[in-house]
Amino acid sequence: APYTFYYHNSTSGTVGTPITTSSNPYTLNVPSLAVGTYNFQLDSVTSFGCKGTVLGTGQVIVKPLPVATITVASDTICEGTSTNYIVNFSTGTAPYTFQLSGGVVQNTNTASTSISISPTAPSTNYTLTNITDKFCAATTNQTVNVKVIKLPTATITSTPSICDQQ
């Protein structure tokens with residue numbers, strides 16, 4: 001020690017900055033990369049001017065963040081009835097989790113999940129805040145609103161008896 005090593009991204013051909021370290025092993029922090037698969041090749045290693053033997057490649061797979069949306073089956077319902085909210089993952093790998101604001105974490109193995117809800121009058125908001133897939137976590141802030149219509153009431157009154165033609 002110290003060691004100086006050289007590497008390159010064999011996927012893009014980009015040569016990495018030489019690294020000098022006394023750590024063995026050394027963990028290479030790769031720069032931020034777009035979604036994709038990247039292969040890194042160790043080119044050479046030296047210590048006090050002596051060139052050593054290199055062996056191996058490394059692979060980094062950058063996964064996309066999960067993306068999900070929340071919708072409701074019906075955004076207006078009658079008091080005392082229910083509807084469903086639907087969380088739909090458009091990207092990501094199962095299993096998934098999602099959380100509504102103030103709620104518990106829900107687990108699902110399918111990209112689309114429908115859950116029955118019975119909101120109260122006059123309306124209730126449901127906000128999707130946290131989502132995860134098998135590999136990554138993301139935050140979101142999507143709100144749907146369900147308006148609850150109060151049930152109408154009617155009263156009829158009558159005069160108990162009347163005379164003919166009055």
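We count residues from 1, following the sequence as given.
Judged purely by distance below 3.5 Å, without hydrogens or angles, the side chains of Thr110 and Thr108 pair a donor atom with an acceptor atom. When only modelled atom types and interatomic distance are considered, Ser101 and Thr127 share no side-chain donor-acceptor pair under 3.5 Å.
Here the shortest heavy-atom pairing between Leu100 and Thr129 reads C-OG1, 4.0 Å. Nearest heavy-atom pair, His8 versus Asp43, reported as atom, atom and distance to 0.1 Å: ND1-OD1, 2.8 Å. Pairing each heavy atom of Asn84 with each of Ser116, the nearest pair is OD1-CA, 3.0 Å. When all heavy atoms are compared, the tightest approach of Ser123 to Asn145 is OG-ND2, 3.5 Å. Minimum heavy-atom separation, Ala137 to Thr132: CB-CG2, 3.6 Å. Closest heavy-atom contact between Pro95 and Asn109: CB-OD1, 3.2 Å.
In this structure, Tyr26 has its ring center under 6.0 Å from that of Phe5.
Without hydrogens or angle criteria, Ser47 side chain to Pro2 main chain gives a donor-acceptor distance under 3.5 Å.
When the side chains of ILVMFWY residues are joined at heavy-atom separations under 4.5 Å, either directly or via intervening members, Val45 and Phe40 end up in a single hydrophobic cluster. Leu28 and Tyr38 fall within the same hydrophobic cluster, defined by Ile, Leu, Val, Met, Phe, Trp and Tyr side-chain heavy atoms under 4.5 Å apart, directly or through other members. Using a 4.5 Å cut-off between side-chain heavy atoms of Ile, Leu, Val, Met, Phe, Trp and Tyr, with links allowed through other members, Phe98 and Ile86 fall into different hydrophobic clusters. Linking ILVMFWY side-chain heavy atoms closer than 4.5 Å, directly or via other members, places Val146 and Ile115 in a single hydrophobic cluster. Placement of Ile19 and Leu42 within a single hydrophobic cluster is found when ILVMFWY residues are connected by side-chain heavy-atom separations under 4.5 Å, directly or transitively.
In this pair, Phe89 and Tyr96 present their aromatic rings parallel. The plane angle is below 30°, not in the 30 to 60° band.
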Just distance, no hydrogens or angles: give the donor-acceptor pairs under 3.5 Å from side chains in residues 54-75, sequence neighbours left out.
unit_1, atom_1, unit_2, atom_2, d
Gln59, NE2, Asn39, OD1, 3.0
Ser74, OG, Thr76, O, 2.8

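With sequence neighbours left out, Thr20 forms a side chain to side chain donor-acceptor pair (under 3.5 Å) with Thr4. Take Lys150 and apply the salt bridge (Lys or Arg N to Asp or Glu O under 4.0 Å) test, not counting sequence neighbours, and it matches Glu79.
Atom OG1 of Thr17 is separated from atom OH of Tyr7 by 6.0 Å, given to the nearest 0.5 angstrom. Between atom NZ of residue Lys147 and atom CD1 of residue Ile77 there is a gap of 12.0 Å, rounded to the nearest 0.5 Å.
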